[in-house]
Each structure stands twice: as structure tokens, then as C-alpha cells.
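Below: the structure, in C-alpha cells.
None of these values were measured; they are calculated from a predicted model.
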Amino acid sequence: MSFLLASPAHSVFIRTPSSPLYLTMATLIEKIAGPVSSGFLRLASTDVKLNPIVRFNSFHNPVDVERCVNGTRKIGDVLRNRALNDFKFKNWLGGQDFRFLGPALPIDQTNYVQMADFCRRTVNTIWHYHGGCVVGRVVDRDLRVIGIGSLCVVDGSVFGVSPGSNRQATLMMLGR
């Protein structure tokens, strides 16, 4: 979920003197680590120009829906924290709120049905490929492709499990 932030009067952000309005965008993401639901990927054809058939099957298992609802409620808690009040905009009624880019959180976050619907409507994935080059089967422990001289694989495909965070630093260290 992305939203715009107003620039508070005493901001740590650098303001451009020529700009009367300074806006910042923030993104809060709730991650379901180790989802129970699973989908599939299969070739549509042997023609490499055709896309494969992908079915994510997100939230097929109700445990994943519950995890999403709980995580999304936590995002609501963070946004209601008074430390973020200075970053809210004044709305038409004189109150303050964030300006969301896309759907805003449901107003009644205690309503499980509304929250589950929000999760289903806004589910997305962030493509951090990993796990395709199994160490010991595709590459050796030094990340050299088995059976091919002078070729190493140094990317997220050698990860056996997702580290659950940005992989850039880990991949940079593998490359060294």
C-alpha cells in the first residue's frame, strides 16, 4: 500500500526552496512468509515466445487470509501512531489523513470480512526469484554449474529459502 506524506513543519527531509509543496511517498508492505497456499507454473508450449501458465492461488488456504488480515491490521496500527500525525494531509472535513495511491485500508479494520476482501483485492507479489538452481544438484557448493567449466551462478536462484528481506547485500557478497 502506497501513500503520500505531507512534509511536516520541522522536517528532517531536505526541502527544495523553489517548491512550495514537498511531498514524499511511502510504501508499507505486509509479507506473508511461507504461505500455505500454493499455485503452479507450467509451460503452455515448447515455443519460447509463449508465456508459461502461472496460477498463484493466493489465499486458497484460509490460514494465509488470516495472516494477511493480521498483517494489514498491523499496518493500520502503524498508520494510526501519533508519530506519523505530522505527515498527514488535512482532508475536506478539517481532519487529517494520508492520501493513498490505490485503495485505502477499510475504515472498520475490526471487520474480518472487509479486511479479507481488501487482502484479496490488493494482493500482489514482488518478484525476487530464488530456488531454481539447487545447490548440490545444479551448482556445487562454490556455485559452479555442475558439468560446465568456468560458469558460476551468483543470483537469488541459489537460495534454498527466501531470506525474507532485500537480497541485494547478500547477492553482492556472493558475487565477491
- Could you check R120 against V65 for side-chain contact (heavy atoms from CB on, under 4.5 Å), going step by step and ending with a plain yes or no? CA-CA 8 Å; R120 286 186 184 94; V65 177; 3.6 Å; yes
Side-chain heavy atoms of [X] within contact of [Y], under 4.5 Å:
{"X": "K74", "Y": "E30", "answer": "no"}
{"X": "F118", "Y": "N111", "answer": "no"}
{"X": "V69", "Y": "C119", "answer": "yes"}
{"X": "R67", "Y": "V36", "answer": "yes"}
{"X": "T170", "Y": "F159", "answer": "yes"}

- Roughly how far, to the nearest 0.5 Å, is CG of L151 from CD1 of I146? 11.5 Å
- Task: To the nearest 0.5 Å, tell me how far L143 CG sits from C133 SG.
- Result: 9.5 Å
- Item | Residues V153, V138; criterion side-chain contact (heavy atoms from CB on, under 4.5 Å); working and verdict | CA-CA 9 Å; V153 175; V138 178; 5.8 Å; no
Treat each ILVMFWY residue as a node, draw an edge where side-chain heavy atoms are under 4.5 Å apart, and state whether [X] and [Y] are in one component.
{"X": "V123", "Y": "V63", "result": "no"}
{"X": "V78", "Y": "F87", "result": "yes"}
{"X": "L43", "Y": "F40", "result": "no"}

By side chain to side chain donor-acceptor pair (under 3.5 Å), which residues pair with [X], not counting sequence neighbours?
{"X": "S37", "value": "D64"}
{"X": "N70", "value": "none"}
{"X": "N85", "value": "K88"}

Work out which heavy atom in [X] is nearest to a heavy atom in [Y]; give both atom names and the distance.
{"X": "L50", "Y": "S45", "value": "CD1-CB, 3.5 Å"}
{"X": "T72", "Y": "L105", "value": "CG2-CD2, 3.2 Å"}
{"X": "V158", "Y": "V135", "value": "O-CG2, 3.8 Å"}
{"X": "M115", "Y": "Q109", "value": "CG-O, 3.5 Å"}
{"X": "R99", "Y": "K90", "value": "NH2-O, 4.1 Å"}
{"X": "L41", "Y": "P52", "value": "CD1-CB, 3.7 Å"}

- With sequence neighbours excluded, what pairs up with R42 under the salt bridge (charged side-chain N to carboxylate O under 4.0 Å, His left out) test? none
- Note on the structure: Sequence neighbours excluded, the answer for side-chain contact (heavy atoms from CB on, under 4.5 Å) partners of N57 is R55, H60
- Query: Which salt bridge (Lys or Arg N to Asp or Glu O under 4.0 Å) pairs, counting each pair once, include a residue from residues 135-152, with sequence neighbours left out?
  - Reply: D140-R144, D142-R144
